[in-house]
S.K.: 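Following this message is one structure expressed as structure tokens.
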Protein chains: 2
Amino acid sequence: MIDSAEAAAERLAMDRDLLGRTSTAERVAAILRERITEGVFEPGARLSEETIGTALGVSRNTLREAFRLLSHERLLVHQLNRGVFVRRLTAEDVVDLYRVRRLVECAAIRGAVPPSPQALAALREALAEAGRAAAQERWHDVGTGNMRFHQAVVALAGSERLDEMMRQVLAELRLTFLAMKNPRAFHEPYIGRNREILKLIEAGDAGGAERLLDDYLADAEAQLVRAHS
Amino acid sequence: MIDSAEAAAERLAMDRDLLGRTSTAERVAAILRERITEGVFEPGARLSEETIGTALGVSRNTLREAFRLLSHERLLVHQLNRGVFVRRLTAEDVVDLYRVRRLVECAAIRGAVPPSPQALAALREALAEAGRAAAQERWHDVGTGNMRFHQAVVALAGSERLDEMMRQVLAELRLTFLAMKNPRAFHEPYIGRNREILKLIEAGDAGGAERLLDDYLADAEAQLVRAHS
DNA sequence: AACATAAGGATCGTTCTACGATCTGACAAT
DNA sequence: ATTGTCAGATCGTAGAACGATCCTTATGTT
């Protein structure tokens, strides 16, 4: 009986952080994050403590904590004595973001031979999700699916910290997507290209996958830079 | 006269963010960050809002903002209704940190041919600094110099965001260094190895530099993992 | 007319007080 | 020995207050 009790305790320990205990500030941040990536608050817009605080029914202190969280994710910029603003990305920001993506994603593919089964499953699932969204013409969700695919690419490296970093990079990228007026034309073509990349990864051809990914990123970057000039 | 006025304005624009306009919370965070990396607050220690707030003469709200900043840097961990604690790193954390370092630093070297003159200068300067510190037996500063060298390695990639990420990784690593009881034996040998790496980079031999760097990281990781078990 | 200055209002930065919620540890009951 | 209960400490959040800073507008100067 002792064994099973210990085993059960061990299983519970794994669920511990799943016990979603979140503070009000974090929940407020989650709401604002969604509104920002939806484009409800446009880049450059100021988020007044007073206005938003009363609208959400939270105190200024709590709201300020939420602002801090989002500033660290680079979704907001904080100017002393002026307030927080939705980040407005420049062409240089886009270039920098893609520098990071190229370096990290390509290295992740190169370093993962053979790829872990879980990471492969995540890649396939993200691709399938993007496909479903496209079939239903939910173009925003196609973008989400594509981003999740590249999140899974980074997951090939098997590092929590890299995953976390990529989450941030992709969240910032979301801000740039808002500038594209035709979401379908922008997102749809990349589904097929991701499928090609996955095919090469599955075939064990890391070099080929890396080349394809590099082209992919170059094209996306060029499109976004053009839209941000 | 117009030209020089514009030129002057442009120069000033570069100094703008140097004009240290920082809030109290950020200054408090800077102080705590230093104390933590110094080891004054040991890993696992709880930082009471009340105690530290009165000690530093700031209000709880301000202090909480500082805590948030440091939590995002992973120097502190925040537990709901329990307070903040100095992060205690596990052997898995060390492994993860070195996974990131290996991927990012090696890719930065491989991608930077030829390296930019500024990045090379930063590498040389960091190495010289570590050498000076060693000559004066300031072992803690030797560690700082070595870390700055690897910060400069990442700077080869030319990405602000990667630089920022590396800053965080190295700050976390500082926490693990505290576990090494003999700082000289730990830090000193790496000066020479960094010098070898720089030599190969200067010679344009990115592949060789990458191999050396990989060995370097493997050895450091092994030492730290052993100390964290 | 162009520029410098001053006044006013809005908003932020920070502090203080307050109270409910939650954790911890100790003691009592089973 | 395990469980239940309670008190103390600390955190989470709210709200009011006031000085500091920024922006805008009005006023004055050259």
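Any value given below was found using the heavy atoms of this structure, including those in side chains, with hydrogens, waters and symmetry copies removed. Residue numbering restarts at 1 for every chain, and letters A, B, ... go by the order of the sequence lines.
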S.K.: Quick test: give all pairs of protein nitrogen or oxygen and nucleotides 10-14 of chain D nitrogen or oxygen below 3.5 Å, distance rounded to 0.1 Å.
M.R.:
unit_1: D:dT10; atom_1: O3'; unit_2: B:R46; atom_2: NH1; d: 3.2
unit_1: D:dC11; atom_1: OP1; unit_2: B:R46; atom_2: NH1; d: 3.0
unit_1: D:dC11; atom_1: OP1; unit_2: B:E49; atom_2: N; d: 3.4
unit_1: D:dC11; atom_1: O3'; unit_2: B:N81; atom_2: N; d: 3.4
unit_1: D:dG12; atom_1: OP1; unit_2: B:H78; atom_2: NE2; d: 3.2
unit_1: D:dG12; atom_1: OP1; unit_2: B:N81; atom_2: N; d: 3.3
unit_1: D:dG12; atom_1: OP2; unit_2: B:R64; atom_2: NH1; d: 2.4
unit_1: D:dG12; atom_1: OP2; unit_2: B:R64; atom_2: NH2; d: 3.4
unit_1: D:dG12; atom_1: N7; unit_2: B:R60; atom_2: NH2; d: 3.0
unit_1: D:dT13; atom_1: OP1; unit_2: A:T24; atom_2: N; d: 2.4
unit_1: D:dT13; atom_1: OP1; unit_2: A:T24; atom_2: OG1; d: 2.3
unit_1: D:dA14; atom_1: OP2; unit_2: A:S59; atom_2: N; d: 2.8
unit_1: D:dA14; atom_1: OP2; unit_2: A:S59; atom_2: OG; d: 2.9
unit_1: D:dA14; atom_1: OP2; unit_2: A:T62; atom_2: OG1; d: 2.4

S.K.: Quick one: side chains of residues 33-41 of chain B, donor-acceptor pairs under 3.5 Å with protein atoms, not counting sequence neighbours, listed by atom name and distance.
M.R.:
unit_1: B:R33; atom_1: NE; unit_2: B:E73; atom_2: OE1; d: 2.9
unit_1: B:R33; atom_1: NH2; unit_2: B:E73; atom_2: OE2; d: 2.9
unit_1: B:T37; atom_1: OG1; unit_2: B:R33; atom_2: O; d: 3.1
unit_1: B:T37; atom_1: OG1; unit_2: B:E34; atom_2: O; d: 3.1

S.K.: Enumerate, atom names and distances included, each donor-acceptor pair closer than 3.5 Å involving a side-chain atom of residues 222-229 of chain A, sequence neighbours excluded.
M.R.:
unit_1: A:Q223; atom_1: OE1; unit_2: A:Y190; atom_2: OH; d: 2.5
unit_1: A:H228; atom_1: ND1; unit_2: A:L89; atom_2: O; d: 3.3
unit_1: A:S229; atom_1: OG; unit_2: A:V225; atom_2: O; d: 2.8

S.K.: Students should find this one: the first and last nucleotides of DNA chain C, 5' to 3', lying under 4.0 Å from a heavy atom of chain B. What are they?
M.R.: C:dT14 to C:dT24

S.K.: Less than 4.5 Å apart, any side-chain heavy atom of A:M147 and any of A:H187?
M.R.: no

S.K.: Report yes if some heavy atom in the side chain of A:H72 is under 4.5 Å from a heavy atom in the side chain of B:L69; otherwise report no.
M.R.: yes

S.K.: I'd like to know if A:R101 pairs up with A:E221 as an ion pair, taking the criterion as any Lys NZ or Arg NE/NH1/NH2 lying under 4.0 Å from an Asp or Glu carboxylate oxygen.
M.R.: no

S.K.: Under the side-chain hydrogen bond (donor to acceptor under 3.5 Å, both in side chains) rule, collect the residues that match up with A:R87, sequence neighbours excluded.
M.R.: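 Scan of A:R87 (side-chain hydrogen bond (donor to acceptor under 3.5 Å, both in side chains), adjacent residues dropped) gives none.
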
S.K.: Going by the rule side-chain contact (heavy atoms from CB on, under 4.5 Å), which residues pair with B:Q79 if we only count those two or more places apart in sequence or in a different chain?
M.R.: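 Result, side-chain contact (heavy atoms from CB on, under 4.5 Å) vs B:Q79: B:R82, B:F85.
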
